[in-house]
4 protein chains.
Amino acid sequence: MPPTKAPDSSRRSDRSRRAIHDAALALVAEVGYRRTTIEGIAARAGVGKQTIYRWWPSKAAVLMDAFLDLAGRTAEEAGTGPGDGEEPPAADPPGGGAPGFPDTGDLAADLKAVLRATVDELNDPVLEAVTRALTAEGIVDAKLGDEFVRKLLDPQLALYVTRLRAAQEAGHVRADVEPRVALELLVGPLMHRWLLRTLPLTHAYADAVVDHAVGGLAPRP
Amino acid sequence: MPPTKAPDSSRRSDRSRRAIHDAALALVAEVGYRRTTIEGIAARAGVGKQTIYRWWPSKAAVLMDAFLDLAGRTAEEAGTGPGDGEEPPAADPPGGGAPGFPDTGDLAADLKAVLRATVDELNDPVLEAVTRALTAEGIVDAKLGDEFVRKLLDPQLALYVTRLRAAQEAGHVRADVEPRVALELLVGPLMHRWLLRTLPLTHAYADAVVDHAVGGLAPRP
Amino acid sequence: MPPTKAPDSSRRSDRSRRAIHDAALALVAEVGYRRTTIEGIAARAGVGKQTIYRWWPSKAAVLMDAFLDLAGRTAEEAGTGPGDGEEPPAADPPGGGAPGFPDTGDLAADLKAVLRATVDELNDPVLEAVTRALTAEGIVDAKLGDEFVRKLLDPQLALYVTRLRAAQEAGHVRADVEPRVALELLVGPLMHRWLLRTLPLTHAYADAVVDHAVGGLAPRP
Amino acid sequence: MPPTKAPDSSRRSDRSRRAIHDAALALVAEVGYRRTTIEGIAARAGVGKQTIYRWWPSKAAVLMDAFLDLAGRTAEEAGTGPGDGEEPPAADPPGGGAPGFPDTGDLAADLKAVLRATVDELNDPVLEAVTRALTAEGIVDAKLGDEFVRKLLDPQLALYVTRLRAAQEAGHVRADVEPRVALELLVGPLMHRWLLRTLPLTHAYADAVVDHAVGGLAPRP
DNA sequence: GAGTAAGCGAGACGGTACGTCGTGTCTTATC
DNA sequence: GATAAGACACGACGTACCGTCTCGCTTACTC
């Protein structure tokens with residue numbers, strides 16, 4: 001059990017929770033993560049600081065919840081939208097809801113569609129600030145990083161695994177390839193460029209990564 | 001003209017510079033980057049705060065200099081050491097400049113040697129703290145990130161480019177492959193695992209990445 | 001009409017009232033008035049904060065009620081006790097209302113008995129903390145001070161007035177002396193020493209004060 | 001030696017010290033002691049909070065220093081004023097400078113002059129707030145009370161002692177009277193009325209106290 | 001060799017944010 | 001409808017660092 005008693009979450013104010021999420025996201029977008037303070041979030045949300053400290057252990061945790069909440073809401077809207085077309089639903093890192101990954105039978109094409117969408121998302125200036133902040137925080141703080149991976153990243157990556165297993169069954173990928181490794185062959189290079197800003201992150205780059213990686217995964221001739 | 005008059009670096013105290021480097025590295029190792037403060041560094045180094053502010057713009061800049069200095073000294077020691085063997089000198093991210101990249105003619109083997117060395121370095125608990133801190137800082141602060149890439153990363157990556165060009169000329173890699181892209185196919189997955197701690201970073205993983213990537217880069221049969 | 005609707009005191013929980021009194025007195029004795037908080041009293045009494053706020057306007061008011069209650073109970077016990085002796089029942093500041101002031105015909109002796117008892121009470125370490133706290137609060141807060149004087153002090157002082165008037169009638173005190181002034185000549189010096197801690201408060205001091213004061217009040221020779 | 005090292009008082013900013021004094025006195029006069037906060041004093045003085053915490057242990061200590069400083073300045077002005085007349089220089093509690101106590105040979109008259117001046121001061125609305133606050137604080141906090149007595153009260157009372165000794169030598173007061181006790185016979189009643197607000201504090205009251213007290217101190221006929 | 005100007009150690013300063021505590025109000029569920 | 005419990009907005013607390021500033025002191029360089 002925790003050293004000090006936990007608050008009663010059934011009495012939690014939903015109004016405050018939402019206001020805090022909104023304020024946090026808005027402030028990060030406006031002034032950046034570094035200059036976003038808990039005090040600032042509280043003031044902007046019209047909330048006492050204690051209400052933040054009662055429910056979150058750190059600024060990063062607030063932002064992460066806010067981000068997850070945003071992703072959830074976005075996904076919900078997308079899900080309840082009108083009968084969506086058949087083409088590129090993509091796997092949004094923030095949420096990405098249920099269906100996720102296309103499977104047209106053409107692995108390379110499917111991967112390109114998804115990675116291009118990922119590139120677009122990583123280049124979105126609003127999401128970028130928050131995602132960078134959370135990633136950076138997770139790199140240094142293992143606890144937070146784990147949560148980040150578990151809640152945000154793994155659900156996405158699981159979709160890759162599913163698609164890759166299907167490709168293996170269809171004989172487009174060698175059976176001895178570990179899907180978790182294959183997936184990193186695709187996602188790793190994108191992250192590398194995005195995080196380190198070595199070179200521009202473009203659709204063409206995504207395509208090249210897919211081409212090379214799929215070449216290495218295909219059955220030996 | 002300079003906006004404010006710059007200090008005269010010829011009169012700079014080398015003694016203080018070194019003490020600051022040492023204190024910064026020691027503190028990051030002991031208490032972590034977050035809890036390392038400029039005041040703490042100054043106190044530990046027996047130095048006035050102004051001496052730090054005079055020569056560096058931020059805590060991250062101090063640490064980066066300290067890290068580069070450490071790398072330089074380490075490389076120097078390695079270079080002035082006794083006649084070192086011929087095989088795996090590896091490309092240490094922190095420095096390691098001189099000897100560079102093995103070229104035995106077997107691309108996969110050479111890459112495995114280098115990536116295994118990189119894995120070992122990333123798993124070194126002392127270097128890890130500093131490297132993570134600087135990487136995380138660079139992810140959020142573009143200016144610092146550029147410097148990080150320029151001074152630390154690019155020299156390493158250039159060695160990959162050289163080796164890959166040699167492989168292209170030897171016909172082991174297709175001519176239409178862009179070396180900068182190929183390189184990221186190798187390094188990206190490692191960074192992904194290391195930064196996000198999704199799965200353990202092992203020699204076996206390095207080998208698998210090389211095998212898959214080289215498969216995708218090789219000339220079509 | 002009342003500004004905001006007052007609570008229905010007929011439904012008030014006597015159990016809570018007593019628990020609050022006890023908790024308040026105990027906390028003041030244990031940690032001092034400053035560090036006694038309404039939250040602390042509520043927690044200690046096993047009572048909701050609102051129950052305190054409903055019936056008292058301030059921490060000082062709670063403590064004052066508790067003190068009066070204590071005095072009342074103490075007095076009651078004294079009154080219902082076994083046949084008490086005849087001599088020095090004293091006029092306890094905290095209650096002691098009933099029996100009142102000795103009148104042996106010797107004014108100086110009677111005053112000495114009473115003032116010595118007062119000295120003892122002011123030196124009692126348990127009562128001291130509470131009395132000091134209430135006095136200090138009353139000095140700064142006029143409203144509270146009035147209540148303090150009206151409920152606690154005046155009943156005591158009235159006994160002096162009675163005794164002094166008797167002395168005037170007996171010809172031991174000049175007729176042109178205002179009893180309220182005479183009384184302060186006796187009580188003022190004691191309070192001065194006690195409140196300001198200039199010098200120790202002893203029986204000898206009480207005697208000296210009485211001797212000098214009675215000398216000044218006696219009929220001119 | 002103290003547990004944490006003391007600041008270097010030779011480098012203290014006099015400008016800040018004065019600004020803090022002024023702000024403290026102004027705030028107490030404007031909003032009262034209770035609602036005066038250290039934060040408020042710092043803001044009003046244009047000073048960092050730490051500058052207050054560096055030099056004073058509490059709000060009360062700040063106010064006390066401010067009060068002493070004010071008294072010192074007031075006394076200085078009075079001292080450097082034009083050739084002051086001979087009659088009632090009075091012994092101002094705040095400061096009271098050098099000369100202090102009149103000695104016309106008529107003890108009762110001298111005491112009346114001084115006590116009337118004291119009455120006037122205690123009725124001065126500006127000084128009253130500060131004096132009440134400090135007194136109340138000193139009643140509860142023994143450490144502060146001691147300082148209050150030592151720095152503010154004792155110097156004043158010493159003047160009474162001197163005057164009373166002179167009266168003893170002149171044969172107007174019995175030799176067996178302890179001046180410290182005699183003095184409290186005069187000052188105690190005034191303080192009693194002022195602190196507890198039992199009855200109005202007037203010149204007539206001061207005169208009555210003096211008359212009765214001096215009667216009690218005079219040699220037996 | 002004296003004069004002078006910079007770097008230096010030290011640390012006080014005006015600030016900002018921290019994370020905690022207590023206030024007085026409000027809400028929920030129980031009796 | 002009073003109560004125990006406690007979440008809430010708010011305000012102040014006392015602390016930690018920030019980056020700037022002023023002190024003497026030491027250490028070159030200039031005249």
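Here is how names work: the chains are called A, B, and so on, in the same order as the sequence lines, proteins then strands, and each is numbered from 1. Here the structure is a predicted model, which means the values were calculated and not measured.
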Step-by-step side chain to side chain contact (heavy atoms under 4.5 Å, CB included) determination, T131(D) to T135(D): CA-CA 6 Å; T131(D) 315; T135(D) 309; 4.0 Å; yes
K151(C) NZ/CZ over F67(C) ring centroid, <6.0 Å and within 45° of normal: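 No, cation not above the ring by the 6.0 Å, 45° rule.
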Cation-pi check, R11(B) onto W55(B) ring (under 6.0 Å, within 45° of axis):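 R11(B) over W55(B) ring: no.
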Footprint string (nucleotides 26-31 of chain F, 5' to 3'): B base within contact, S backbone only, - free, heavy atoms under 4.0 Å: -B----
Side chain to side chain contact (heavy atoms under 4.5 Å, CB included) assessment of H21(B) paired with L70(B): CA-CA 9 Å; H21(B) 284 170; L70(B) 171 67; over 6 Å; no
Quickly work out the [X] [atom1] to [N] [atom2] distance and round it to whole Å.
X	N	atom1	atom2	answer
I20(B)	dC8(E)	CD1	C1'	10 Å
D8(D)	dT22(F)	CG	P	17 Å
R12(D)	dC21(F)	CZ	C1'	18 Å
R34(D)	dA12(F)	CZ	P	14 Å

Looking at [Y] and [X], is there a salt bridge between them, counting it only when a charged N and a carboxylate O are closer than 4.0 Å?
X	Y	value
R44(C)	E39(C)	no
D22(B)	R18(B)	no
K143(A)	E137(A)	no

Derivation of the side chain to side chain contact (heavy atoms under 4.5 Å, CB included) call for V130(B) and Y33(B): CA-CA 7 Å; V130(B) 184; Y33(B) 179 72; over 6 Å; no
dA7(F) OP1/OP2 closer than 4.0 Å to side-chain N/O of S16(A):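 Answer is no, no contact under 4.0 Å.
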Presence of S10(A) side-chain N/O under 4.0 Å of dT28(E) phosphate oxygens OP1/OP2: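 Looking at the OP1 and OP2 atoms of dT28(E), neither is under 4.0 Å from any side-chain N or O of S10(A).
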Residues touching DNA chain F, which here means a heavy atom under 4.0 Å, drawn from residues 35-59 of chain C: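 Here the set is G46(C), V47(C), G48(C), K49(C), T51(C), R54(C), W55(C).
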